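Structure, as structure tokens:
This one's a predicted model, so the numbers in the text were calculated from it and none came from an experiment. Keep in mind that the numbers below use all heavy atoms, side chains included, and drop hydrogens, waters and symmetry copies.
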Amino acid sequence: MTSSSAGGLEPEQGLIVVSCSREKLVTSSPVPALELYQGALVPLLRNHLAPIHRARVRVLSAEHGLLRPESLVGTYEHKLRSRGEALALQARVAKRLTVDLRAGALRHVLVVLEPLYVTAAECLFDYAPPLALTLLPNPGDWSGANAVLTRWGWL
């Protein structure tokens, strides 16, 4: 597959990995991950990306590992607080993330994760290069994410 325009990426060529957030929808029944998280970048991605691009978002949760946007999850409270917890989460994250990272069309991954969450997603570095990674360490860095997503032609 080729780029949609100069510098732009087709949906299957990009992937966005963001952290979950402390602010969550309070619900008694599971909801899609993109609806549950009410803080950091998730609401902005939910509101600004077209559905075809929202499907390329993955949310890294301390409780559940890597979630697809449609993954059903309920309200919980769990934040990664130690390197040991992050290391313990690595195998669960790698199992799901590797499926995306091995896709032949993927070219660029935007990673917006705090350092402990990057530790949990360390398998990312096994694929770069040839994949391009953009790392933003502030989980609320909409300005940085917006610049990358605009360059991709997704905003």
Side-chain angles (χ1 to χ4, degrees), residues 1-25 30-73 79-80 86-87 89-155:
M1 191 61 65
T2 59
S3 298
S4 60
S5 62
L9 294 181
E10 295 291 336
E12 66 276 10
Q13 294 177 316
L15 185 69
I16 305 165
V17 181
V18 299
S19 63
C20 60
S21 70
R22 185 173 25 156
E23 299 87 28
K24 297 173 189 69
L25 186 69
V31 298
L34 272 190
E35 300 301 320
L36 180 71
Y37 300 105
Q38 302 296 307
L41 287 188
V42 173
L44 294 163
L45 295 169
R46 183 176 58 233
N47 293 334
H48 292 282
L49 292 176
I52 196 166
H53 296 124
R54 283 196 298 263
R56 302 298 295 161
V57 174
R58 304 295 180 264
V59 180
L60 184 51
S61 158
E63 180 73 17
H64 300 288
L66 195 70
L67 298 168
R68 297 179 61 92
E70 71 277 9
S71 299
L72 297 177
V73 287
K79 177 175 177 57
L80 278 183
L87 293 172
L89 192 57
Q90 279 183 343
R92 287 173 48 204
V93 171
K95 182 177 179 181
R96 292 184 181 171
L97 188 54
T98 299
V99 173
D100 286 315
L101 297 174
R102 288 183 177 162
L106 187 62
R107 290 179 37 209
H108 198 144
V109 183
L110 171 60
V111 181
V112 189
L113 298 171
E114 297 174 51
L116 274 180
Y117 286 75
V118 171
T119 298
E122 197 171 274
C123 66
L124 284 163
F125 300 103
D126 296 341
Y127 296 88
L131 290 179
L133 296 179
T134 298
L135 299 172
L136 303 176
N138 176 350
D141 186 357
W142 177 242
S143 176
N146 186 317
V148 172
L149 295 171
T150 297
R151 208 170 36 249
W152 288 5
W154 290 20
L155 294 178

Testing the basics here: between [X] and [Y], what is the closest heavy-atom pair and its distance to 0.1 Å?
X    : Y    : answer
I16  : W152 : CG1-CZ3, 4.1 Å
L60  : A120 : CD2-CB, 4.2 Å
P139 : A40  : O-CB, 3.5 Å
S61  : Y37  : CB-OH, 3.7 Å
A62  : C20  : N-SG, 4.2 Å
L45  : L149 : CD2-CD1, 3.8 Å

Taking [X] for its side chain and [Y] for its backbone only, find out whether a donor-acceptor pair lies under 3.5 Å.
X   : Y    : value
Q90 : T119 : yes
Q38 : E35  : yes
R96 : L66  : yes

*Output yes when E114 and K79 qualify as a salt bridge under the 4.0 Å nitrogen-oxygen rule, no when they do not.*
yes
_Using the rule given for side-chain contact (heavy atoms from CB on, under 4.5 Å), can you reason through S21 versus V42, listing the C-alpha separation, both sets of side-chain angles and the distance that settles it, and then say yes or no?_
CA-CA 8 Å; S21 70; V42 173; 5.9 Å; no
Would a 4.5 Å heavy-atom cut-off, applied to side chains only, mark [X] and [Y] as touching?
X    : Y    : result
V59  : P69  : no
L124 : V111 : yes
L15  : R58  : yes
V17  : V112 : no
V109 : T134 : no
H108 : L131 : no

Would you give the length of the straight line joining atom [atom1] of [X] to atom [atom2] of [Y], rounded to the nearest 0.5 angstrom?
X    : Y    : atom1 : atom2 : value
R68  : R54  : CZ    : CZ    : 14.5 Å
L110 : L113 : CG    : CG    : 9.0 Å
L89  : E63  : CG    : CD    : 10.0 Å
L72  : E70  : CG    : CD    : 8.5 Å
L67  : L34  : CG    : CG    : 9.5 Å

*Any chance CD1 of I52 has more than 12 other-residue heavy atoms, nucleotides or ligands included, within less than 6.0 Å?*
no
*asked:* Between R56 and W154, does the side-chain contact (heavy atoms from CB on, under 4.5 Å) criterion hold? Intermediate values first, please.
replied: CA-CA 11 Å; R56 302 298 295 161; W154 290 20; 3.8 Å; yes
*asked:* Hydrogens and angles aside, do S71 and H64 bring a side-chain donor and acceptor to less than 3.5 Å of each other?
replied: no
*Side-chain H-bond candidate by donor/acceptor type, R102 with Y127, under 3.5 Å*: yes
*Pair D141-N146, side-chain contact (heavy atoms from CB on, under 4.5 Å): steps then yes or no*: CA-CA 8 Å; D141 186 357; N146 186 317; over 6 Å; no
_Would V31 and L25 count as a side-chain contact (heavy atoms from CB on, under 4.5 Å) here? Give the steps._
CA-CA 9 Å; V31 298; L25 186 69; 4.2 Å; yes
